[in-house]
Colleague: 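Have a look at the structure that comes next, please.
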Amino acid sequence: MNKEVFRLGELFCGPGGLGYAASRAKVSSKDTEYVIEHAWATDYDRDTCNTYILNICPTRPESVICKDIRILDISKLREISEIDALVFGFPCNDFSAVGKQKGINGIYGPLYKYGVNVLNYFKPKWFLAENVGGLRNANEGHAFKEILESLIDTGYKVVPHLYKFEEYGIPQARHRIIIVGIRNDLPIEFGIPSPTHLAGNYVSCREALENPPIPQNAPNHEPTRHSDDVVERLKYIKPGENVFTADLPSHLQLNIENVKISQIYKRLNPNYPSYTITGSGGGGTHVYHWKENRALTNRERARLQTFPDNFIFVGSKESVRKQIGMAVPVDGGKVLFDAILKSFASIEYPSVNRQTTIF
């Protein structure tokens, strides 16, 4: 059988949610197999890079460049490998509803331009860019428009869409803007894959965490030691409630002004997907079990991000928590990569009418 290999480059690769998903994607059509193979990746965080190397390219550690993208010479990436595909989940800090929402005027907002630079430099056949749903409204919508126009100007047909990952079998309500681009000179049209799990058919967090049970000796499965106050507070919080909606005695209430998020000490509802797993925030934002008076372990958080139990995260417990929260769910990424490969293989699949997209 013939094989068409798309050599993949990644910017802002994180611990490998998308990279691992890409390595699992495979499509066969007639006498040709379509696959994606790691070429190189970059990120600025050392623990994150070590996690990526360990799980995706252990025999090629030199293919992961751990450096701030703002001082990276992209010509050095070509010395490692040419690429046929590019993935970049550009930093979301300035677009997230949790942050100050400075958008394109923030420190991180302009970093998408490095993805544009790499597209112009390598001209891969396709790309996938990812960011939070808040990108749509940043700078009164101007940031999103500017980003799309920049990507179009590099010579690609772009298909942006707000994906609700719980609608694709992910046990987590995680909404992300994904932009897929196909180079203009290629007679390929990308179709947004249709949801497979609608309301009433979601995968619950209980199913994800208990079927099968996580082995006690699984990596990154260390429990958190809580203070007596935290344990007592959790006893009053019912599944689906948080510290502000629960009926708490006065000595356990939190006096916090201008709170923007409702995930503080929020318990999971076992019958629904988890709320969004985040990588930011301090105590009270670590996702709490629906029955046991504790935060989830990092392994449980990774399960809700659909990482397999043998995917090992490197670094301190806090570093691992951040890596997991910043990643794209593996199974969600695979849905997208499978659709891209099917598009190139001319295989039809259920897709969304583009008139329902956000662009």
Colleague: Any side-chain to backbone donor/acceptor pair from Arg301 onto Arg321? Under 3.5 Å, distance only.
Modeller: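 Side chain of Arg301 to backbone of Arg321, a donor-acceptor pair under 3.5 Å: yes, one is there.
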Colleague: Looking at Tyr121, is Arg78 sitting on its ring face, NZ or CZ under 6.0 Å from the six-membered ring centre and within 45 degrees of the normal?
Modeller: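 That pair qualifies as a cation-pi contact.
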Colleague: So how far is it from Gln323 CD to Gln305 CD, rounded to the nearest 0.5 Å?
Modeller: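 Reported to 0.5 Å precision, the distance equals 12.0 Å.
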Colleague: Locate the shortest heavy-atom distance separating Ser343 from Tyr349; write the atom from each residue and the value.
Modeller: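 Nearest heavy atoms, Ser343 then Tyr349: OG-OH, 3.2 Å.
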Colleague: Does the side chain of Thr196 reach to within under 4.5 Å of the side chain of Asn201, using non-hydrogen atoms?
Modeller: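 Contact flag for Thr196/Asn201 side chains = no.
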Colleague: Is the terminal nitrogen or CZ of Lys266 (NZ for Lys, CZ for Arg) located under 6.0 angstrom from the six-membered ring centre of Tyr275 and within 45° of that ring's axis?
Modeller: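 Yes, cation above the ring, under 6.0 Å and within 45°.
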Colleague: Just by modelled atom types, is the Asn293 backbone N or O under 3.5 Å from a matching donor or acceptor in the His226 side chain?
Modeller: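 Judged by distance alone, no pair lies under 3.5 Å.
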Colleague: Could you check if a side-chain atom of Leu252 sits within less than 4.5 angstrom of a side-chain atom of Tyr236, using non-hydrogen atoms only?
Modeller: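 Side-chain contact under 4.5 Å: yes.
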Colleague: Would Tyr288 and Tyr265 count as a close aromatic pair, with their ring centres under 6.0 Å?
Modeller: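 Here the rings of Tyr265 and Tyr288 have centres that are less than 6.0 Å from each other.
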Colleague: Any salt bridge linking Glu300 with Arg303? Criterion: basic side-chain nitrogen under 4.0 Å from a carboxylate oxygen.
Modeller: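 Arg303 and Glu300: not salt-bridged.
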Colleague: So, does Arg267 use its side chain to make a donor-acceptor pair with the main chain of Glu292 at under 3.5 Å?
Modeller: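 Yes, the answer is positive, given that a donor and an acceptor are paired below the 3.5 Å cut-off.
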Colleague: Are the side chain of Tyr168 and the backbone N or O of Pro193 linked by a donor-acceptor pair below 3.5 Å?
Modeller: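 Checked: pair present.
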Colleague: Between Phe144 and Ile177, is the side chain to side chain contact (heavy atoms under 4.5 Å, CB included) condition met? List the steps.
Modeller: CA-CA 10 Å; Phe144 187 46; Ile177 287 177; 4.1 Å; yes
Colleague: With a 4.5 Å cut-off on side-chain heavy-atom distances among I, L, V, M, F, W and Y, is there a chain of contacts connecting Leu304 to Val203?
Modeller: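 Different clusters.
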Colleague: Do His38 and Tyr52 have ring centres separated by under 6.0 Å?
Modeller: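 Ring centroids of His38 and Tyr52 are less than 6.0 Å from each other.
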Colleague: Which residue pairs pass the salt bridge (Lys or Arg N to Asp or Glu O under 4.0 Å) test with at least one member in residues 17-40, sequence neighbours excluded?
Modeller: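 Applying salt bridge (Lys or Arg N to Asp or Glu O under 4.0 Å) to every pair that reaches into residues 17-40, excluding sequence neighbours, yields Lys3-Glu33, Arg24-Asp331.
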Colleague: May I ask you to test the Ser194-Val352 pair for a side-chain heavy-atom distance under 4.5 Å?
Modeller: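 Heavy-atom side-chain distance check passes, below 4.5 Å.
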Colleague: If you group Ile, Leu, Val, Met, Phe, Trp and Tyr by side-chain heavy-atom gaps below 4.5 Å, do Leu128 and Val35 land in one group?
Modeller: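 Per the 4.5 Å side-chain linkage, Leu128 and Val35 are not co-clustered.
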Colleague: Using side-chain contact (heavy atoms from CB on, under 4.5 Å) as the criterion, point out the one residue from Ile324, Asn220, Leu209 that pairs with Arg299.
Modeller: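 The residue from Ile324, Asn220, Leu209 that satisfies side-chain contact (heavy atoms from CB on, under 4.5 Å) with Arg299 turns out to be Asn220.
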Colleague: Would a hydrophobic clustering, with Ile, Leu, Val, Met, Phe, Trp and Tyr connected at side-chain separations under 4.5 Å, put Val231 with Ile264?
Modeller: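 No.
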Colleague: Hydrophobic cluster membership, with links at side-chain heavy-atom distances under 4.5 Å among I/L/V/M/F/W/Y: are Phe337 and Leu186 in one?
Modeller: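 The answer is yes; both residues are in one hydrophobic cluster.
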Colleague: State the CZ-CG distance between Arg7 and Leu86, to the nearest 0.5 angstrom.
Modeller: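 Going from CZ on Arg7 over to CG on Leu86, the span is 13.5 Å.
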Colleague: Look at the rings of Phe313 and Phe311 and say which category their plane angle falls in: under 30° parallel, 30 to 60° tilted, over 60° perpendicular.
Modeller: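 Tilted, since the angle between the ring planes falls between 30° and 60°.
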Colleague: Indicate yes or no for a side-chain donor-acceptor contact from Trp40 to the backbone of Ile65 under 3.5 Å, with no hydrogens or angles considered.
Modeller: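 No; zero donor-acceptor contacts below 3.5 Å.
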Colleague: Spell out, as yes or no, whether a donor-acceptor pair under 3.5 Å connects the side chain of Lys157 to the backbone of Ile188.
Modeller: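 Looks like yes, one N/O pair under 3.5 Å.
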Colleague: Would you confirm whether Thr278, through its side chain, and Gly325, through its main-chain N or O, come within 3.5 Å as a donor-acceptor pair?
Modeller: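 Checked: no pair found.
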Colleague: Does the side chain to side chain contact (heavy atoms under 4.5 Å, CB included) test come out yes or no for Glu62 and Ile80, once each step is laid out?
Modeller: CA-CA 9 Å; Glu62 72 283 355; Ile80 300 174; over 6 Å; no
Colleague: Any chain of hydrophobic side-chain contacts (each under 4.5 Å) joining Val5 to Ile36?
Modeller: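 Result: no, two separate clusters.
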Colleague: Run the side chain to side chain donor-acceptor pair (under 3.5 Å) check on Asp229 and Ser227 step by step: do they pass?
Modeller: CA-CA 5 Å; Asp229 284 349; Ser227 68; 5.3 Å; no
Colleague: Nearest 0.5 Å please: distance from the CZ atom of Arg294 over to the OG1 atom of Thr224.
Modeller: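 If we round to the nearest 0.5 Å, Arg294:CZ and Thr224:OG1 are 8.5 Å apart.
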Colleague: Which other residues end up in the same hydrophobic cluster as Leu54, if Ile, Leu, Val, Met, Phe, Trp and Tyr are linked when side-chain heavy atoms come under 4.5 Å apart?
Modeller: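 Via sub-4.5 Å side-chain contacts, Leu54 links to Ile312, Val314.
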Colleague: How close do Arg206 and Asn271 get, counting heavy atoms only, and between which atoms?
Modeller: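 Distance-wise, the nearest heavy atoms are NH2-OD1, 4.0 Å.
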Colleague: Let me see the working for Thr48 and Asp43 under side chain to side chain donor-acceptor pair (under 3.5 Å), right down to the final yes or no.
Modeller: CA-CA 7 Å; Thr48 293; Asp43 203 283; 4.7 Å; no
Colleague: Measure the shortest side-chain to side-chain distance between Phe127 and Val158 over non-hydrogen atoms and say whether it is less than 4.5 angstrom.
Modeller: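 Yes - at least one pair of side-chain heavy atoms lies under 4.5 Å apart.
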Colleague: On a heavy-atom basis, which atom in Pro215 and which in His221 lie closest, and how many Å separate them?
Modeller: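 Result for this residue pair: O-CD2, 3.5 Å.
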Colleague: Should Lys238 and Trp290 count as side-chain neighbours, where that means a heavy-atom distance under 4.5 Å?
Modeller: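 Contact flag for Lys238/Trp290 side chains = no.
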Colleague: Indicate yes or no for a side-chain donor-acceptor contact from His161 to the backbone of Tyr163 under 3.5 Å, with no hydrogens or angles considered.
Modeller: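 Such a contact is absent between His161 side chain and Tyr163 backbone.
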